[in-house]
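Since the structure comes first, as structure tokens, the remarks are kept for the end.
Just so it is clear, the model here is predicted, and its values are computed rather than measured.
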Amino acid sequence: MFKQVIYQLFVRLFGNKKENLIKNGSIEENGVGKFEDINEAALREIKKLGVSHVWYTGVLCHSTTTDYSNYGLSADPQSIVKGKAGSPYAVKDFFDVDPDLAENPLKRIWEFERLIARTHRNELKVIIDFIPNHVARTYKGLDRSGKVLGSSDKKDQYDIDNAFYYINGESLEIPDGKEVDYQEFPAKASGNDSFTAKPSANDWYDTVKLNYGVNHHTGEKEYLEKIPAIWFEMREVLLFWAGKGVDGFRCDMVEMIPIEFWKWVIEEVKSLFPNIQFIGEAYAISNYHDLINQAKFDLIYDKTGWYDSMRDILLGKKELTSLRGIMQSLKGLENNLLHFLENHDEVRLASKEFLGDSVAAIPAMVAMCTLPDSHIMVYGGQELGESASGESGYSSDDGRTTIFDYWNVPSIQRWMGKGYFNGNKLSEKEKKLRILYKKLLRRVVTGSQVSSVITGDTLFLDEYSDNVTNGFDKTKVLCYLKYKKKKYGSYTYLIACNFDRSKSQLFSLRIPVIFWNAQEAQEKKQLQFIQQFPSVEKTLVLSKEQVIKFGIPLNLNPSSAIIYKIAS
């Protein structure tokens with residue numbers, strides 16, 4: 001199995017070199033990252049980290065208060081824009097890229113095409129967002145007839161071919177506290193299925209819901225009788241970017257769209273681009289099976305399963321043993337799941353709102369990379385211990401890196417330096433953390449040798465532990481074997497993770513004789529335990545008899561993990 005490692009890179013922030021930023025600052029005051037900042041050096045270092053795909057977040061043209069009238073894009077009213085820069089999920093034109101990201105806005109598509117080519121030269125695949133559920137209130141993109149999408153809608157009634165949903169006879173009322181600088185009549189339903197002319201501040205009031213053929217008055221699925229116009233429009237969006245060389249789409253909020261659309265559009269696109277990849281953002285585990293097996297998503301972006309469980313374990317709200325239940329609930333789907341500990345929606349590991357120290361997440365990262373046979377995502381800056389401290393503007397000081405403001409990512413700035421991405425300005429702690437991520441992702445997940453990729457069957461070992469000195473605490477330590485029989489030989493890995501942030505764990509770990517009998521190994525054969533992580537130089541030699549009777553001596557520092565490859 002090839003494990004993908006996806007690096008989420010928020011383009012607007014990634015290359016921004018501006019320091020000493022001000023809250024709610026404009027693009028002139030706070031600066032912005034560009035496509036060209038993601039240069040050959042950056043991509044080489046991302047590749048060396050063990051990454052296979054880059055998810056360029058925030059690429060599409062979206063609502064903003066920055067004026068690009070000279071380039072055919074006017075500023076949007078502040079009342080319907082979140083932050084100065086605007087949400088990348090309030091798309092203003094599906095067939096255009098954000099002018100903020102171009103050195104020359106007139107050549108913005110060309111500059112993005114250059115980035116795609118650079119990425120491919122560095123043997124990385126390109127993923128961008130596909131956001132089919134909603135668009136900005138000021139959407140300017142053209143439909144297949146050459147008119148602005150929605151301009152031909154029947155605004156006084158529901159119609160299957162309307163682009164939007166309308167609140168008949170009512171004007172849009174901006175949430176309290178917003179200056180009235182935008183008029184909309186009749187009001188359109190907001191993107192989070194808020195069918196009201198008076199969305200709240202917590203609604204997605206900067207977006208409008210697209211109509212996929214569900215009559216919001218009756219709930220009738222009219223798309224079962226006729227393919228709605230928006231289905232064809234969205235197919236054209238996907239084909240346009242696939243034609244530009246994009247390798248995959250991270251599909252936003254897929255459960256808000258009828259599954260029948262996904263079945264149809266994924267088959268349509270893959271008939272022309274068979275290698276294109278679809279990654280679905282889903283939240284209900286009960287929907288995963290259908291999205292994978294019926295709609296044919298390649299991967300599901302799994303928050304509710306692994307992320308939520310691992311977050312609660314790290315915060316002490318769940319026991320380590322709960323992971324077994326999660327694995328059982330996801331059984332059979334593992335090869336189609338994408339797991340993560342950070343993304344643009346969640347708080348940073350090193351933030352004061354979460355762990356306060358990214359090193360504390362190392363055992364969780366090792367477990368996530370080795371326990372399930374799933375794929376991995378890393379959010380830009382995670383590998384450096386980014387804490388996302390401070391208030392940026394629309395985003396408060398909440399432990400998240402803003403997606404709404406003109407801002408920077410300090411740890412990435414230190415890694416980037418003057419564009420060489422040599423890490424000279426990183427602290428020693430940041431350098432060490434990045435090295436750990438590099439060792440883990442390169443050797444364990446996407447190693448140069450297929451045998452380096454840890455997949456296969458799992459045997460939990462906590463019930464076979466013997467107490468020595470401090471003993472074995474199964475509420476803090478996770479130990480298991482990963483093993484697989486292959487046509488040209490079998491392999492076994494031992495993984496031990498200490499989630500305790502203050503105490504070392506010293507114990508011996510017995511591997512039961514039943515395991516060795518199943519592997520057809522001789523009881524007295526010498527075994528080599530070759531360390532794969534965190535060091536790749538240490539080897540422990542024990543007899544099979546020692547391992548069965550006395551166990552493997554392990555000494556795990558606080559918030560640490562160790563991986564051995566077992567060879568006879």
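When atom types are taken as modelled, the side chain of D143 and the backbone of G146 share a donor-acceptor pair closer than 3.5 angstrom. A donor-acceptor pair is defined here as one N or O able to donate and one able to accept, closer than 3.5 Å; such a pair exists between the side chain of Q413 and the backbone of N16.
Using a 4.5 Å cut-off on side-chain heavy atoms (C-beta onward), I6 and I279 make contact. K140 places none of its side-chain heavy atoms less than 4.5 Å from the side chain of V148. Side chains of I128 and F249 form a contact here, defined as non-hydrogen atoms less than 4.5 Å apart. Using a 4.5 Å cut-off on side-chain heavy atoms (C-beta onward), F10 and P88 make contact. Between K270 and F278 there is a side-chain heavy-atom pair separated by less than 4.5 Å. With contacts defined as side-chain heavy-atom distances shorter than 4.5 Å, the pair Y139/L210 does not qualify.
A pairwise comparison of heavy atoms in Y71 and N104 identifies CE2-OD1, 4.5 Å as the closest pair. Of all heavy-atom pairs between D252 and R250, the closest is OD1-NH1, 2.8 Å. Here the closest non-hydrogen pair linking T401 and E386 is OG1-CG, 4.4 Å. Between G58 and L101, the closest heavy-atom pair is O-CD1, 3.5 Å.
Between E40 and R118 there is no salt bridge, since no side-chain nitrogen of the basic residue lies less than 4.0 Å from a carboxylate oxygen of the acidic one. In this structure, K303 pairs ionically with D308, as a charged nitrogen and a carboxylate oxygen lie closer than 4.0 Å. E36 has a carboxylate O that lies under 4.0 Å from a charged side-chain N of R114, or vice versa, which qualifies the two as a salt bridge. Checked for salt-bridge contact, R108 and E111 miss the test: no charged N lies under 4.0 Å from a carboxylate O. Using a 4.0 Å cut-off between charged side-chain N and carboxylate O, E236 and R144 make no salt bridge.
A donor-acceptor pair shorter than 3.5 Å cannot be found between the side chains of N408 and E19. Residues D76 and S63 have side chains that never bring a donor and an acceptor to within less than 3.5 angstrom of each other. A side-chain donor-acceptor contact under 3.5 Å links S190 and R137. Looking at Q382 and Y437, their side chains do bring a donor and an acceptor atom within 3.5 Å of each other. Looking at T455 and K484, their side chains do bring a donor and an acceptor atom within 3.5 Å of each other. Donor-acceptor pairing under 3.5 Å is recorded for the side chains of D100 and Y406. A side-chain N or O of Y56 and one of T119 form a donor-acceptor pair less than 3.5 Å apart. A donor-acceptor pair shorter than 3.5 Å can be found between the side chains of D302 and Y288.
The aromatic rings of F112 and F35 sit tilted, their planes meeting at an angle between 30° and 60°. Aromatic ring pairs are classed by plane angle as parallel below 30°, tilted from 30° to 60° and perpendicular above 60°; the pair F130 and F94 is tilted. Relative orientation of the F240 and F95 rings is perpendicular, given thresholds of 30° and 60° on the angle between their planes. Relative orientation of the W264 and F261 rings is tilted, given thresholds of 30° and 60° on the angle between their planes. Ring geometry for Y89 versus H344: interplanar angle under 30°, hence parallel rather than tilted (30 to 60°).
Residue D397 forms a salt bridge (Lys or Arg N to Asp or Glu O under 4.0 Å) with just one option from K352, K23, R348, and that option is K352. Applying side-chain hydrogen bond (donor to acceptor under 3.5 Å, both in side chains) to N343 and the options Y307, W55, Y379, Y301 leaves one that passes, Y301.
Taking CG of L272 as the start and CG of L238 as the end, the distance is 11.5 Å to the nearest 0.5 Å. Taking CG of D405 as the reference point, atom CD of E391 lies at 9.0 Å (rounded to 0.5 Å). Note that the NZ atom of K418 and the NZ atom of K425 stand 6.5 Å from one another [nearest 0.5 Å]. Rounding to the nearest 0.5 Å places CG of N30 at 10.0 Å from CG of N20. Atoms CG and CD1, on L337 and I292 in that order, are 5.0 Å from each other to the nearest 0.5 Å. In this structure, the separation between CG on N211 and CH2 on W231 is 11.0 Å, given to the nearest 0.5 Å.
Under the 6.0 Å distance and 45° angle rule, K47 does not count as a cation-pi partner of Y7.
Heavy atoms from other residues, nucleotides or ligands lying under 6.0 Å from CD of E267 number 12 at most. Within a 6.0 Å sphere centred on NE2 of H120, heavy atoms belonging to other residues, nucleotides or ligands number more than 12. Environment of NZ in K17: crowded, with over 12 heavy atoms of neighbouring residues, nucleotides or ligands closer than 6.0 Å. Annotation for F232: atom CZ counts as buried by contact number, over 12 foreign heavy atoms lying within 6.0 Å.
K125 pairs by the side-chain contact (heavy atoms from CB on, under 4.5 Å) definition with H53, D247, not counting sequence neighbours.
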